[in-house]
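Encoded as structure tokens, the structure appears first; notes follow it.
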Amino acid sequence: MLKELHWVGSAKRDLQNMPQAVQREIGFSLHRVQEGKMPSNAKPLTGVGAGVIEIVSDYNKNTYRAVYAIKLGDAIYVLHSFQKKSKTGIKTTKQDIDLIKQRLALAKKDAQLHNK
């Protein structure tokens, strides 16, 4: 049985604004997560919290990310979808990390309501 996807904030709309190939790749990866599998293009996002994973999609010399949280009840919460803008290093910007943390807090509240 597939786990349910919950989109937080503008994550779904932001993904829909990405190139079609990126949407397909991230969508396929999220489907694998719903099946309980770990996609090959996913890795833990450090510094945010346990169970927060990022999917990485490289397309046309750009990098796109979708960040989701597991371990929040029975659902998967997609917290953020964005194009990585950083030109130096591989760090995700503080602005993106702050947004992910903010949406993770919202997802935790939502999960508590749904799992009572």
Side-chain angles (χ1 to χ4, degrees):
M1 191 169 113
L2 292 180
K3 289 188 172 194
E4 213 175 299
L5 273 186
H6 291 269
W7 298 86
V8 183
S10 62
K12 186 173 188 175
R13 186 176 60 245
D14 295 339
L15 178 61
Q16 290 169 334
N17 288 328
M18 292 180 185
Q20 201 73 43
V22 174
Q23 291 180 48
R24 275 195 301 274
E25 183 179 2
I26 290 176
F28 179 76
S29 296
L30 286 171
H31 185 77
R32 296 201 38 96
V33 174
Q34 287 180 282
E35 295 173 329
K37 299 175 180 146
M38 179 69 142
S40 59
N41 61 343
K43 62 182 186 206
L45 180 63
T46 55
V48 178
V52 178
I53 315 287
E54 69 176 337
I55 295 170
V56 179
S57 175
D58 291 316
Y59 175 75
N60 202 17
K61 298 184 182 170
N62 292 306
T63 300
Y64 299 86
R65 307 258 172 104
V67 177
Y68 64 92
I70 52 176
K71 300 182 181 177
L72 294 178
D74 295 330
I76 295 149
Y77 286 83
V78 183
L79 304 173
H80 191 26
S81 304
F82 61 103
Q83 180 179 350
K84 192 166 170 304
K85 302 273 194 211
S86 175
K87 299 291 181 232
T88 56
I90 57 171
K91 282 186 76 119
T92 303
T93 66
K94 181 182 182 331
Q95 183 181 357
D96 285 316
I97 294 291
D98 289 346
L99 183 61
I100 291 164
K101 287 179 178 177
Q102 190 180 359
R103 289 182 178 173
L104 179 60
L106 292 172
K108 285 179 179 177
K109 285 181 187 169
D110 187 72
Q112 287 173 337
L113 291 172
H114 285 94
N115 294 317
K116 285 190 174 178

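Everything quoted here is computed from the prediction, not taken from an experiment.
Within the 4.5 Å cutoff, no side-chain heavy atoms of D58 are placed close to those of N41. No side-chain heavy atom of K12 sits less than 4.5 Å from a side-chain heavy atom of V78. With a 4.5 Å cut-off on side-chain heavy atoms, H31 and L5 do not count as touching. Looking at I53 and K43, their side chains never come closer than 4.5 Å, going by heavy atoms from C-beta outward. Contact annotation: the side chain of K108 approaches that of L72 to within less than 4.5 Å [non-hydrogen atoms, C-beta and beyond]. Side-chain atoms of K3 and D74, non-hydrogen and from C-beta on, never get closer than 4.5 Å to each other. By the 4.5 Å heavy-atom criterion applied to side chains, T92 and F82 are counted as neighbours.
In this structure, the separation between CZ on R65 and CD1 on I26 is 10.0 Å, given to the nearest 0.5 Å. Atom CZ of R103 is separated from atom CG of D110 by 14.0 Å, given to the nearest 0.5 angstrom. For the atom pair OG of S29 and CD of Q34, the computed distance is 11.5 Å after rounding to the nearest 0.5 Å. From K71, atom NZ reaches atom CD1 of I76 across 13.0 Å, with rounding to the nearest 0.5 Å.
Of all the heavy atoms in R32 and P39, the pair that sits closest is CB-CG, 4.4 Å. Considering every non-hydrogen atom in both H6 and A75, the closest pair reads CD2-CB, 3.0 Å. Contact between V67 and E54 at its shortest, heavy atoms only, is CG2-CB, 4.0 Å. Contact detail for Q23 and L15: the closest heavy-atom pair is CG-O, 3.2 Å.
Clustering ILVMFWY residues whenever any of their side-chain heavy atoms sit less than 4.5 angstrom apart, transitively, puts L106 in the very cluster that holds I97. Under the 4.5 Å side-chain heavy-atom criterion for ILVMFWY residues, no single connected hydrophobic cluster contains both Y77 and W7. Clustering ILVMFWY residues whenever any of their side-chain heavy atoms sit less than 4.5 angstrom apart, transitively, puts Y68 in a cluster other than the one holding V8. Each of Y59 and F28 belongs to its own hydrophobic cluster when Ile, Leu, Val, Met, Phe, Trp and Tyr are linked at side-chain heavy-atom distances under 4.5 angstrom. I55 and I70 fall within the same hydrophobic cluster, where Ile, Leu, Val, Met, Phe, Trp and Tyr residues are linked whenever their side-chain heavy atoms come under 4.5 Å apart, directly or through other members.
Not one N or O on the side chain of S81 forms a donor-acceptor pair closer than 3.5 Å with the backbone of A66. Without hydrogens or angle criteria, Q83 side chain to Y64 main chain gives no donor-acceptor distance under 3.5 Å. Looking at S10, its side chain never comes within 3.5 Å of a backbone N or O of R13 through a donor-acceptor pair.
Side-chain contact annotation: S57 with R24, donor-acceptor N/O pair under 3.5 Å absent.
Atom CD of Q16 has more than 12 heavy atoms from other residues, nucleotides or ligands within 6.0 Å.
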Could you walk me through whether L99 and Q102 satisfy the side-chain contact (heavy atoms from CB on, under 4.5 Å) test, starting with their C-alpha distance in whole Å, then the side-chain angles of each, then the deciding distance to 0.1 Å, before giving a yes or no? CA-CA 5 Å; L99 183 61; Q102 190 180 359; 3.8 Å; yes

List the steps, then state whether side-chain contact (heavy atoms from CB on, under 4.5 Å) holds for L2 with E35. CA-CA 5 Å; L2 292 180; E35 295 173 329; 3.5 Å; yes

